[in-house]
Every structure is written in C-alpha cells, then in structure tokens.
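Worksheet for the structure shown next.
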2 protein chains.
Amino acid sequence: MKLDILTKNDNRVVQNSIISQIRDLINFKNLEPGDKLPSERMLSEKFEVSRNNIREAIQKLEFYGLLKSIPQSGTFIANIGGVALNGMVDDILRLEDPDFKSLVETRILLELKTARLAALRRSEDDLIQLEEALNAYKEKVLNSEDAVEEDLLFHLAIAKAAGNSTLNTLMLMITPEIITNFEAYHVCDKSQARAGIIEHENIFEAIKEQDPKKAKEMMKVHFSVLYQYCYSKK
Amino acid sequence: MKLDILTKNDNRVVQNSIISQIRDLINFKNLEPGDKLPSERMLSEKFEVSRNNIREAIQKLEFYGLLKSIPQSGTFIANIGGVALNGMVDDILRLEDPDFKSLVETRILLELKTARLAALRRSEDDLIQLEEALNAYKEKVLNSEDAVEEDLLFHLAIAKAAGNSTLNTLMLMITPEIITNFEAYHVCDKSQARAGIIEHENIFEAIKEQDPKKAKEMMKVHFSVLYQYCYSKK
DNA sequence: CCAATTAAACTGGTTTACCAATATTATAAA
DNA sequence: TTTATAATATTGGTAAACCAGTTTAATTGG
C-alpha cells in the first residue's frame with residue numbers, strides 16, 4: 001500500500017491529536033489558569049507517544065500563549081479561562097495550510113498598509129535603502145534578467161520603513177509562501193516586468209513625497225493584476 | 001554579577017549568531033539555490049555549539065522558506081538567490097519583540113478587514129456561532145463579570161467567518177500577545193464594558209445584514225479608544 | 001506535636017547514542 | 001573503459017540517558 005503520502009502529514013496529525021487530548025484533560029480535570037499540567041513524561045506515557053511529540057505540542061500551545069513551561073518546575077496553564085482556551089484550541093486545530101487566495105488577499109492588505117505607513121514615517125535612511133533596492137530591481141529588469149528577488153527586497157524595504165515591527169514580521173512570514181505558490185501557479189507575467197519598474201518608481205516617489213494616499217494608491221495599482229486574479233477566480 | 005537577565009535571551013542570541021554564521025558560510029562558499037549545506041554535525045563542530053542549536057537555527061530558516069531539510073540526505077538552500085537570501089536573513093536577525101503600539105496598530109488593521117470580509121462571506125452557520133459568542137459576552141457583562149475571554153472569542157468568530165485562513169492564523173498569532181500586554185498596560189476600561197455590548201451588537205448586525213462598509217465602520221468605533229491610544233501617545 | 005533540616009523524587013532542558021534511509025565509494029563483471 | 005552491484009560512510013530524525021534545579025516527602029531535634 002502506498003501510504004507515503006500520509007507520512008508527510010503524520011507529524012501534524014499526531015500533534016493535533018495530542019493538543020486535543022491536552023485540551024480534554026484540562027476540561028476533564030477542571031484545571032484553571034495557573035494550574036500545573038502533568039509532567040511531559042506522564043503525558044507521553046498516558047497518550048502513548050514520545051516525549052518529543054509532547055514537547056512539540058506544548059511548545060505550539062506555548063507559542064499561542066496558552067501554556068507556559070518553567071524549567072525544573074512544570075508546565076502551567078496561562079492566565080486564560082476555560083472558555084477562551086477551548087475556543088483557541090479549536091482554532092489552532094482547525095488551522096490548515098493557507099490557500100493561495102488567502103495568502104494573496106492578506107498580502108495585498110498588508111502591503112497597502114505598509115505603503116501608507118512608510119509614506120508617513122520613512123526616515124532619510126529608509127529612503128536611501130528604498131532607492132538602493134529600487135535601483136537594483138531596475139537594473140535587473142533592464143538587463144532582462146529575473147528580478148523576483150529584487151522585487152521582494154523592495155517590498156520588504158517598504159515594510160521596514162513602515163516602522164511597525166509586527167507588520168514587518170507578518171510580511172516576512174507570508175512572503176516565502178507567496179513566492180513558492182507564485183511560481184507554482186504561474187501567475188507572474190514576465191512581460192509586465194518593465195511596467196513593474198514604473199509602478200515601483202511611483203510607489204517610491206509617493207513615499208519620498210510623504211504622500212500616504214498616493215503611496216497606497218500606487219501600491220494598489222501595482223497589485224491590480226494579482227487583485228483581479230484574487231477576486232475574480234473562484 | 002547579575003547576568004540572570006541575559007540568560008533569558010541567551011538562546012535567541014546564540015540562534016541569531018548561528019543564523020548569521022550560516023549566512024556568512026553560504027556567501028563565502030558561494031553556495032547557490034539547491035546546493036547542500038554542511039551536515040548538522042559538521043556545523044555544530046565548526047561553530048562550537050550543540051547540534052540542537054544548529055537544528056533550531058535551521059528550522060527557523062526553514063520556517064521562513066530559506067532552507068529545506070530532507071531526511072537522511074541533507075539540508076539544502078531553497079530556490080532563492082543570494083541577494084534575497086541575505087536580505088531576508090538580515091530581516092530575520094532584526095526581528096525584535098513587537099512593541100505594543102505595533103501590535104495594536106496591526107490588530108486594528110486585521111480586525112477591520114475581517115469585519116468587512118465577514119459581512120461579505122459569512123455563512124448561516126457562521127452567523128449562528130457569532131450570535132452564540134455575542135450572547136455569551138452579553139451575559140457575562142450584564143452580570144458584571146469579567147468578559148475578556150468572551151470578547152476575544154467573538155472577535156475570533158468574526159475572523160473565522162471572514163473565510164481567509166491566512167488572516168485567521170495571523171489573528172490567532174497576535175491575539176495572545178495583545179491580551180498579555182493589554183493587562184500589563186491597563187488600557188482596558190471596565191466601565192466601558194456595557195458600551196462594548198452595543199458596539200458588539202452593531203458589528204454583529206452589520207455582518208448579519210451583509211453590509212461590509214457598516215461592519216468595518218462599527219468595528220472602527222469599537223476600536224476607537226484603542227485607536228486614539230495608539231496614534232496619540234508616542 | 002511541630003518546625004527545621006535533609007534526603008529523595010520529580011521537573012523541563014540538554015546532551016548523547018542510536019536508527020533507518022540515503023549518498024558515496026569500492027569492487028567486480030563485461 | 002564502462003556499468004552493475006555490493007559494501008561503507010554519512011545524513012536528518014528520534015529515542016534514551018543525563019543534568020541542574022525545584023518540589024515534595026521523610027527525618028530529626030526540640
């Protein structure tokens with residue numbers, strides 16, 4: 001039997017199973033915020049999985065702020081009540097691989113915001129870095145070379161100039177997935193690369209002029225192709 | 001000497017150091033996309049750190065799409081050129097703990113979007129779950145009980161109804177950090193809890209009526225206090 | 001009977017040893 | 001010389017052993 005396909009998602013399946021079991025345990029034992037979870041060893045024995053699996057599941061719940069591990073002491077339930085905890089665990093379990101449309105839609109949202117904020121907040125140093133990124137992009141395109149990277153770096157430079165560390169992080173998180181999917185879906189159109197130069201220049205000028213409205217609008221134009229793709233196709 | 005404060009960030013410091021060393025290695029050896037990185041054992045010896053540290057650093061770079069580990073084979077550089085790789089590594093290294101202002105600003109952005117999308121896309125089932133969350137919130141507030149969790153769950157229900165898995169994930173990621181910071185900063189005002197009911201109801205009605213503009217507007221009103229805090233204070 | 005002290009057990013974190021799959025080299029047959 | 005095969009070395013992943021604190025239980029002195 002060809003079960004190879006399944007093995008790839010095995011880890012996730014196991015982890016989700018453990019997370020839901022931990023949730024059930026908290027509910028069944030009526031554990032409250034601040035209470036201590038059974039030790040990793042006990043859990044691994046109880047759930048019949050490796051301690052590594054338990055640790056990974058706990059780390060994931062810790063990432064979302066539901067648990068807190070303290071060395072040589074134990075793992076504790078964060079200061080969050082049962083209702084919210086159950087709701088968030090359900091959400092975490094329901095997290096699936098993002099579809100391309102979601103990714104694009106979210107990226108456009110983030111980029112419009114970063115463009116606006118960059119126009120409002122960019123420092124002189126930001127401007128220099130933006131111009132460098134822009135020139136690197138232009139040079140590649142004019143030489144008819146592949147400029148995907150330079151394009152990406154320009155957008156990340158905008159995110160940096162926006163002066164919002166959270167937005168910057170989120171951009172960084174979804175960008176690689178965008179790229180891989182982008183190539184897979186063949187949405188990118190090389191013939192539009194030269195049009196891309198003008199669009200990039202317009203965005204840069206708007207940020208330079210500190211015109212947030214124009215920056216957002218120019219970014220919108222830049223994403224119009226993707227935008228249509230995102231909202232037309234089903 | 002009191003170095004206790006440092007030990008907390010030791011891991012991150014070590015990891016960032018390893019990441020930058022990997023970057024330098026790739027640059028120095030002129031490694032290209034698809035090339036194989038030295039084995040984890042060699043790297044741990046070369047950088048004089050544990051193999052665990054190396055693995056964590058690699059996993060982080062893998063998360064951002066820069067590397068790809070293949071079991072029993074090796075770790076390979078993703079299909080991304082040197083320029084972009086260096087730029088993204090710099091960004092990753094520069095990632096700091098998000099400040100509260102960034103968090104709030106980003107949350108507002110995401111919530112305005114999810115409210116709009118929820119109004120456009122909510123299913124009948126979404127509506128039921130939204131109403132349940134709303135009622136749970138109202139009940140708590142009318143009993144003068146703490147309703148932070150129910151508030152949170154209502155907002156997460158909106159995110160779910162927005163039908164965008166990426167947005168949903170991002171919301172889930174920043175929410176816990178918001179909560180902890182929220183309590184720490186004492187921004188929340190209990191006296192406004194009853195006003196919150198009306199605001200929540202308005203948002204719900206807008207989503208029910210499938211009025212995206214109103215939904216966004218009502219959400220904006222709901223965040224007005226936070227909004228002012230975010231944009232007034234420095 | 002109680003408080004203080006000590007010893008044992010237990011904790012999350014870390015290092016080490018091991019595994020199965022892969023990649024490389026050595027060998028041999030043609 | 002070339003190709004097919006077998007033996008060896010190397011790989012990322014994983015399970016087990018170990019560690020330094022912490023927590024609990026036992027012991028002891030009053």
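Every chain is numbered from 1 and lettered A, B, ... according to where its sequence line falls, protein lines coming before strand lines.
Remark: A:R121 engages B:E105 in a salt bridge, criterion side-chain N to carboxylate O under 4.0 Å. Salt-bridge formation is not detected for the pair A:D126/A:K160: no Lys NZ or Arg NE/NH1/NH2 atom is positioned less than 4.0 Å from an Asp or Glu carboxylate oxygen. By the 4.0 Å N-to-carboxylate-O rule, B:K140 lies too far from B:D151 to be salt-bridged with it. The existence of a salt bridge linking B:K46 and B:E40 is excluded, since no basic side-chain nitrogen approaches an acidic carboxylate oxygen closer than 4.0 Å.
Atom pair A:L43:CG and C:dG13:P shows a separation of 13 Å (rounding to whole Å applied). In this entry the distance linking CG of B:L37 with C1' of D:dT10 reads 15 Å, nearest Å. Summarising the geometry, the separation between CD on A:E45 and P on D:dA15 is reported as 15 Å, rounded to the nearest angstrom.
The aromatic rings of B:H222 and B:H155 sit parallel to each other, their planes meeting at less than 30°, with 60° as the upper class boundary.
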Give each protein N/O atom lying under 3.5 Å from an N/O atom of nucleotides 14-18 of chain C, with the pair distance.
residue	atom	partner	partner atom	Å
C:dT15	OP2	B:S50	OG	3.1
C:dC18	N4	B:R41	NH2	3.2

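Checking A:N86 against A:N27 by side-chain atom types alone, a donor-acceptor pair falls below 3.5 Å. Between B:S44 and B:N53, the side chains place no donor N or O within less than 3.5 Å of an acceptor N or O (distance only, hydrogens not considered). Side-chain contact of B:S102 with B:D99: a donor-acceptor pair under 3.5 Å is present, judged by distance alone.
In terms of phosphate contacts, B:S39 brings no side-chain nitrogen or oxygen within less than 4.0 Å of OP1 or OP2 of D:dT10.
Residue B:K36 is the one, among B:K36 and A:F76, whose nearest nucleotide of DNA chain D lies closer to the 5' end (criterion: closest heavy atom).
Of the residues in residues 67-74 of chain A, A:Q72, A:S73 come within less than 4.0 Å of DNA chain D through at least one heavy atom, sorted by number.
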